[in-house]
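Please read the structure below before turning to the comments.
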Amino acid sequence: DTEVTQTPKHLVMGMTNKKSLKCEQHMGHRAMYWYKQKAKKPPELMFVYSYEKLSINESVPSRFSPECPNSSLLNLHLHALQPEDSALYLCASSQTWGAGAKNEQYFGPGTRLTVT
Amino acid sequence: AQRVTQPEKLLSVFKGAPVELKCNYSYSGSPELFWYVQYSRQRLQLLLRHISRESIKGFTADLNKGETSFHLKKPFAQEEDSAMYYCALGFSGGYNKLIFGAGTRLAVHP
């Protein structure tokens, strides 16, 4: 399996809801990423997990809470979001992370989130 | 500061014409440069990386450290090349974040 999968494809949530995005890969990659992509803009890094530990948080608001239960799974828990958080949320993975790491990242199809 | 600049938002060409998508970067260290492509309704996928020096789908890109550029070229554009192209800079030396340029939409007309 050489793909990164993401569920759900689409999500509509109210500002008081709690929801979660899920990402899965079975390529044996040990680094996983969350990106946010607004319309007609490039992806912006949110979080990086390396060996199931949070390595980078790009000053993301606490209403976004990442979780890496195991080496194949990455979740993004959402709570009390704002309408401006509406975007395409992309998950990616790469073989490794750190000095000398292979940087090639494989992206999932994304979850299109709408906050009403 | 690290930065990737793609000066053209849209590049419109006719089928069979040569294509060059420009990418310039700013980084004081040793860069890793990539081109990612996003076809309509498809996921973002890696097209080229500079360390591979390969040709994918007829596209090539050469890293020019003197000009800090990594332009993407194809001698004869095809309609199926129409997509959004992102140049990305990867940091070396301890961690590997990717910074994306704003992207260039390539439209190839019949």
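Just so it is clear: chains get the letters A, B, ... in the order the sequence lines come, proteins before strands, and each one is counted from 1. Hydrogens, waters and symmetry mates play no part in the numbers below; they use all other heavy atoms, side chains included.
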Let me confirm one number: the [atom1]-[atom2] distance from [X] to [Y], rounded to the nearest 0.5 Å.
{"X": "B:Glu32", "Y": "A:Glu104", "atom1": "CD", "atom2": "CD", "result": "11.0 Å"}
{"X": "A:Gln37", "Y": "B:Tyr86", "atom1": "CD", "atom2": "OH", "result": "4.5 Å"}
{"X": "A:Thr5", "Y": "B:Arg43", "atom1": "OG1", "atom2": "CZ", "result": "8.0 Å"}

Checklist entry - Which residues, numbered in order, of residues 101-110 of chain B come under 4.5 angstrom of chain A by heavy-atom distance? => result B:Gly101, B:Ala102
Item to check | Contacts with chain A made by residues 65-74 of chain B (heavy-atom distance under 4.5 Å), listed by residue number | outcome: none
Item to check | Structural part of A:Tyr35 lying under 4.5 Å from a heavy atom of chain B | outcome: side chain
Checklist outcome for this item: Checking heavy-atom separations under 4.5 Å from chain B, one finds in residues 38-46 of chain A A:Lys41, A:Pro42, A:Pro43, A:Leu45
Is there a path from [X] to [Y] through hydrophobic residues (I, L, V, M, F, W, Y) whose side chains come within less than 4.5 Å of each other?
{"X": "B:Tyr36", "Y": "A:Trp34", "value": "no"}
{"X": "A:Ile56", "Y": "A:Tyr89", "value": "no"}
{"X": "A:Met15", "Y": "A:Leu21", "value": "yes"}
{"X": "A:Phe47", "Y": "A:Leu11", "value": "yes"}
{"X": "A:Tyr49", "Y": "A:Tyr106", "value": "no"}

Checklist entry - In terms of heavy-atom proximity below 4.5 Å to chain A, should B:Gln42 be classed as side chain, backbone, both, or neither? => result neither
Next on the checklist: So for B:Leu44, is it side chain, backbone, both, or neither that comes closer than 4.5 Å to the heavy atoms of chain A?
Outcome noted: both
Item to check | B:Tyr39 OH: over 12 foreign heavy atoms closer than 6.0 Å | outcome: yes
Checklist entry - Crowded around A:Arg63 CZ? As in, over 12 foreign heavy atoms under 6.0 Å? => result yes
Item to check | Remaining members of the apolar cluster that contains B:Phe14, side-chain heavy atoms under 4.5 Å | outcome: none
